[in-house]
Structure formats: C-alpha cells, structure tokens
Engineer: 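What follows is a single structure, and I will ask about it in a moment.
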Amino acid sequence: EAGGGGILGCLLLKGLADNVLSDTLWAKAVLLTSPAVATVGLSLTVPIAIASELVLPRGWLVDPSPPTPLRLAGALLVVAGFVGISLAPDPPPSRTHEAEPS
C-alpha cells in the first residue's frame with residue numbers, strides 16, 4: 001500500500017476545505033457586489049490560468065506550450081466582459097403601475 005488512509009484523509013480534507021472556502025468567498029462576493037457580478041467573476045479563472053502559464057516555470061506545467069494568440073484574445077474578452085459588467089450602472093428601479101383613483 002503506497003500511502004494508506006493518510007493520503008486519502010488529506011485529499012478529503014483538502015477537497016472539503018477548497019469547496020467550503022470557494023463557496024464562502026463566492027457568497028461574500030454576492031453580498032458585496034451582486035449575483036451577476038459575482039457569477040461572471042467566476043469566469044476570471046480562465047484568464048488567471050493563462051496568466052499563470054506565462055509566469056510559472058515551464059517545468060511545472062503539464063502542457064508547456066505558450067498560449068496561442070486566440071487563447072490570449074479570448075482571455076482579454078473575458079476580462080473585458082467582467083470589467084464591463086462591473087462598471088455598468090444599476091438599472092433604474094421598475095415602476096409599478098398603481099391603480100389611479102376614479
């Protein structure tokens with residue numbers, strides 16, 4: 001046996017901690033911004049992954065090929081979408097049609 005229950009326990013603990021931490025941070029982001037901004041913010045994992053490929057040593061990467069121009073353009077569009085939705089003004093409150101007295 002190459003690791004026993006210790007490795008399984010560490011994997012379970014890490015998985016639980018990661019999920020609880022990410023869900024807690026997302027819920028906090030919803031409270032601080034809005035559900036739309038927080039959800040679109042989750043898509044920033046793609047540009048962050050591409051940025052990490054540019055920064056990390058090539059030996060650490062599974063696929064050490066540099067990002068293609070198309071992937072870089074896609075990452076820039078994701079960031080632009082996040083910035084756009086973050087800076088967009090809030091829509092005006094909807095007016096309810098109240099019955100006018102006759």
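Nothing fancy with the numbering, it's 1 onward along the sequence.
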Engineer: Could you pull out all residues at least two apart from Asp18 that satisfy salt bridge (Lys or Arg N to Asp or Glu O under 4.0 Å)?
Structural biologist: Lys14
Engineer: Are Leu44 and Ile85 joined in one hydrophobic group, where the rule is that I, L, V, M, F, W and Y side chains link up if heavy atoms are under 4.5 Å apart?
Structural biologist: yes
Engineer: Quick check for you: to the nearest 0.5 Å, what is the distance between Leu11 atom CG and Ile7 atom CD1?
Structural biologist: 7.5 Å
Engineer: Answer yes if Val40 and Val79 sit in the same cluster of Ile, Leu, Val, Met, Phe, Trp and Tyr residues linked by side chain heavy atoms under 4.5 Å apart, and no otherwise.
Structural biologist: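 Linked within one cluster.
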Engineer: Can you name the nearest heavy-atom pair linking Ser43 to Val78, along with the distance?
Structural biologist: O-CG1, 3.5 Å
Engineer: According to a 4.5 Å side-chain heavy-atom criterion applied to Ile, Leu, Val, Met, Phe, Trp and Tyr, with indirect links allowed, do Val30 and Leu42 form part of one hydrophobic cluster?
Structural biologist: yes
Engineer: Hey, does the side chain of Arg58 reach the backbone of Asp63 with a donor-acceptor pair shorter than 3.5 angstrom?
Structural biologist: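 Not at all, since once roles are kept as given, no pair shorter than 3.5 Å links the two residues.
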Engineer: Hey, quick one: are Leu61 and Leu54 part of the same hydrophobic cluster, counting side-chain heavy atoms closer than 4.5 Å, chains of contacts allowed?
Structural biologist: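 No; tracing contacts between hydrophobic side chains, which count when under 4.5 Å, never links both residues.
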Engineer: Verify the neighbour count for atom CG of Leu32: are there more than 12 heavy atoms of other residues, nucleotides or ligands below 6.0 Å?
Structural biologist: yes
Engineer: Distance check, rounded to the nearest 0.5 Å: Thr33 atom OG1 versus Lys28 atom NZ?
Structural biologist: 11.5 Å
Engineer: Could you pull out all residues at least two apart from Asn19 that satisfy side chain to side chain donor-acceptor pair (under 3.5 Å)?
Structural biologist: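 Result, side chain to side chain donor-acceptor pair (under 3.5 Å) vs Asn19: none returned.
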Engineer: Looking at Phe82 and Val37, what are the two nearest heavy atoms and their distance?
Structural biologist: CE1-O, 3.7 Å
